[in-house]
Amino acid sequence: MKKQEEVILLYHFLDQTKLQQIKDICKQLKIQTKDIGDEMLGQKVGHLVGRKGFVAIKTEIDEFVFPHEVIVFSNSDRKRLDQVLTAFKEAKIEPIKFKAIVTPFNMFWSLQRLCETMQKEHGAMLKQEPELE
């Protein structure tokens, strides 16, 4: 069976210089990137990364505000993920807090649901961090 192409979804990158740096690094690493706009928030993650069996659906977006940059990796193993993140760090790209990997479970979620879930998890992690005195 042919290995699926690596794809990285990029959502809510307002800094065009940062976005271009990320795209340039991905191009060097032979990873396809895809810009995702707010109008795509209701689409299934599987569709956005080009998985077979997923088609575009007509959706109406709720009043959803997610002011954070999001990067979603598809078909990347742990070693490759580390390679990409190391390349970002070496290029002095400001860290992206909201990162996800497409799984057999979350590929059926809308991008909005994935963002909401990451936000909840991020909030839970912040609550667990000990407060500095």
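Quick caveat, the model's predicted, so the values are computed rather than measured. Just the heavy atoms: all of them, side chains too, but no hydrogens, waters or symmetry mates, feed the values below.
The minimum heavy-atom distance linking Gln32 with Glu5 is given by the pair OE1-OE2, 3.2 Å. Scanning all heavy atoms of the two residues, the minimum distance from Ser74 to Arg51 falls at OG-NH2, 3.5 Å. Closest approach of Gln119 to Phe98, counting heavy atoms only: CA-CE2, 3.7 Å. Heavy-atom minimum distance, His12 versus His68: CB-O, 3.3 Å. The two residues Ala100 and Met118 make their nearest non-hydrogen contact at CB-SD, 3.7 Å.
Between Val70 and Cys115 the shortest side-chain heavy-atom distance falls below 4.5 Å.
In the model, Asp35 has no side-chain atom that pairs as donor or acceptor with a side-chain atom of Tyr11 under 3.5 Å. Side chains of Asp24 and Gln28: a donor-acceptor N/O pair is absent below 3.5 angstrom, by distance only. A donor and an acceptor atom, one from each side chain of Gln20 and Gln16, are nowhere located under 3.5 Å apart.
Arg80 is linked by a salt bridge (Lys or Arg N to Asp or Glu O under 4.0 Å) to Glu6, counting only residues two or more places apart in sequence or in another chain.
Taken to the nearest 0.5 Å, the OG atom of Ser110 stands 7.0 Å off from the CD atom of Glu116. Considering CG of Leu114 and CG of Leu111, their distance stands at 6.0 Å, rounded to 0.5 Å. With rounding to the nearest 0.5 angstrom, the CE atom of Met40 is 15.0 Å from the CD atom of Gln112.
Note on Lys18 versus Glu69: salt bridge recorded, some NZ/NE/NH1/NH2 to OD/OE distance being below 4.0 Å.
Between the side chain of Gln43 and the backbone N or O of Ile57 there is at least one donor-acceptor pair closer than 3.5 Å. Remark: side-chain polar atoms of Asp82 are not paired, donor with acceptor, to backbone N or O of Lys79 under 3.5 angstrom. Of the possible donor and acceptor atoms, one in the side chain of Lys44 sits under 3.5 Å from a partner among the backbone N and O of Phe108.
Grouping the Ile, Leu, Val, Met, Phe, Trp and Tyr side chains by contacts below 4.5 angstrom, directly or via other members, places Leu9 with Phe105.
Cluster note: Leu29 groups with Ile8, Leu10, Phe13, Leu19, Ile22, Ile25, Ile31, Ile71, Phe73, Leu81, Val84, Leu85, Phe88, Ile93, Ile96, Ile101 through ILVMFWY side-chain heavy atoms spaced under 4.5 Å, whether in direct contact or through intervening members.
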